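First comes the structure, then the notes that go with it.
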Amino acid sequence: DFRSLATVREAAARVARLAEPYGGVDVLACNAGVVGFRDERTRDGYDVTVQISHHAHFLLTKLLLPSLRAAAAARGESRVVQHHSGQRNKVVLYEPELYIGRGTHSLGGNGP
């Protein structure tokens, strides 16, 4: 559940443990997140869309870097693929400081 960064940390630890006997994670593919969620904050204080679509993917990648590096050392390479949807082409430009950090602003959704 990418609405909780604690859950992302738990998932990363589990994946790293599962991959360890195989020499690490060869490929981490982070697919697009969500769009059109209600204007609300996660328990971590971030806009739900930004956290699910971006922050959680970046945290997962950061936490799995040791396992990715182990695979690269063992087999010559590992890959990280960050894929986000074409929805980015339809988004109105927002002031990043309003929704990337913790706070009360949102991406618009159902708000004014």
Side-chain angles (χ1 to χ4, degrees):
D1 181 0
F2 278 11
R3 290 174 292 179
S4 165
L5 296 179
T7 302
V8 174
R9 287 182 181 91
E10 292 169 10
R14 184 169 184 209
V15 168
R17 279 192 309 272
L18 290 170
E20 188 174 5
Y22 303 99
V25 173
D26 291 295
V27 177
L28 174 62
C30 296
N31 197 12
V34 298
V35 67
F37 267 45
R38 294 184 56 78
D39 286 344
E40 56 189 40
R41 294 277 154 179
T42 65
R43 286 177 273 179
D44 302 295
Y46 297 106
D47 178 90
V48 68
T49 301
V50 171
Q51 182 165 321
I52 292 173
S53 300
H54 302 285
H55 293 334
H57 290 153
F58 298 146
L59 178 60
L60 183 64
T61 302
K62 176 186 174 189
L63 296 172
L64 288 175
L65 276 176
S67 186
L68 287 154
R69 288 184 176 131
R75 290 179 284 287
E77 68 178 0
S78 64
R79 304 279 176 146
V80 176
V81 178
Q82 298 283 345
H83 173 74
H84 298 281
S85 75
Q87 185 66 27
R88 70 184 177 281
N89 297 322
K90 299 175 186 174
V91 175
V92 175
L93 295 178
Y94 296 94
E95 296 298 321
E97 63 274 5
L98 296 180
Y99 63 90
I100 291 178
R102 292 183 172 104
T104 58
H105 295 86
S106 68
L107 289 175
N110 62 328

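Since the structure is predicted, the reported quantities are computational estimates derived from the model, not experimental observations.
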Starting at CD of Glu40, measure out to CG of Asp47 and round the result to the nearest 0.5 Å. 9.0 Å
Locate the shortest heavy-atom distance separating Ala12 from Leu64; write the atom from each residue and the value. O-CD2, 3.4 Å
Does CD belonging to Gln82 count more than 12 external heavy atoms closer than 6.0 Å? yes
To the nearest 0.5 angstrom, please state how far the CD atom of Glu77 sits from the CG atom of Asp26. 8.5 Å
What I'd like to find out is whether the side chain of Val8 reaches to under 4.5 Å of the side chain of Phe2, using heavy atoms alone. yes
Heavy-atom pair of closest approach, residues Leu68 and Arg79: CD2-O, 3.8 Å
In this structure, are over 12 heavy atoms from other groups packed under 6.0 Å from Arg43 atom CZ? no
For a side chain to side chain donor-acceptor pair (under 3.5 Å) with Asp44, tell me which candidate from Arg3, His55, Gln51 qualifies. Gln51
If you round to the nearest 0.5 Å, how far is CZ of Arg14 from OG1 of Thr7? 12.5 Å
Rounded to the nearest 0.5 Å, what's the gap from CG on Leu5 to OG1 on Thr42? Could you check? 6.5 Å
Just by modelled atom types, is the Ala16 backbone N or O under 3.5 Å from a matching donor or acceptor in the Ser67 side chain? no
Cys30 side chain reached by Thr61 side chain, heavy atoms, under 4.5 Å: yes
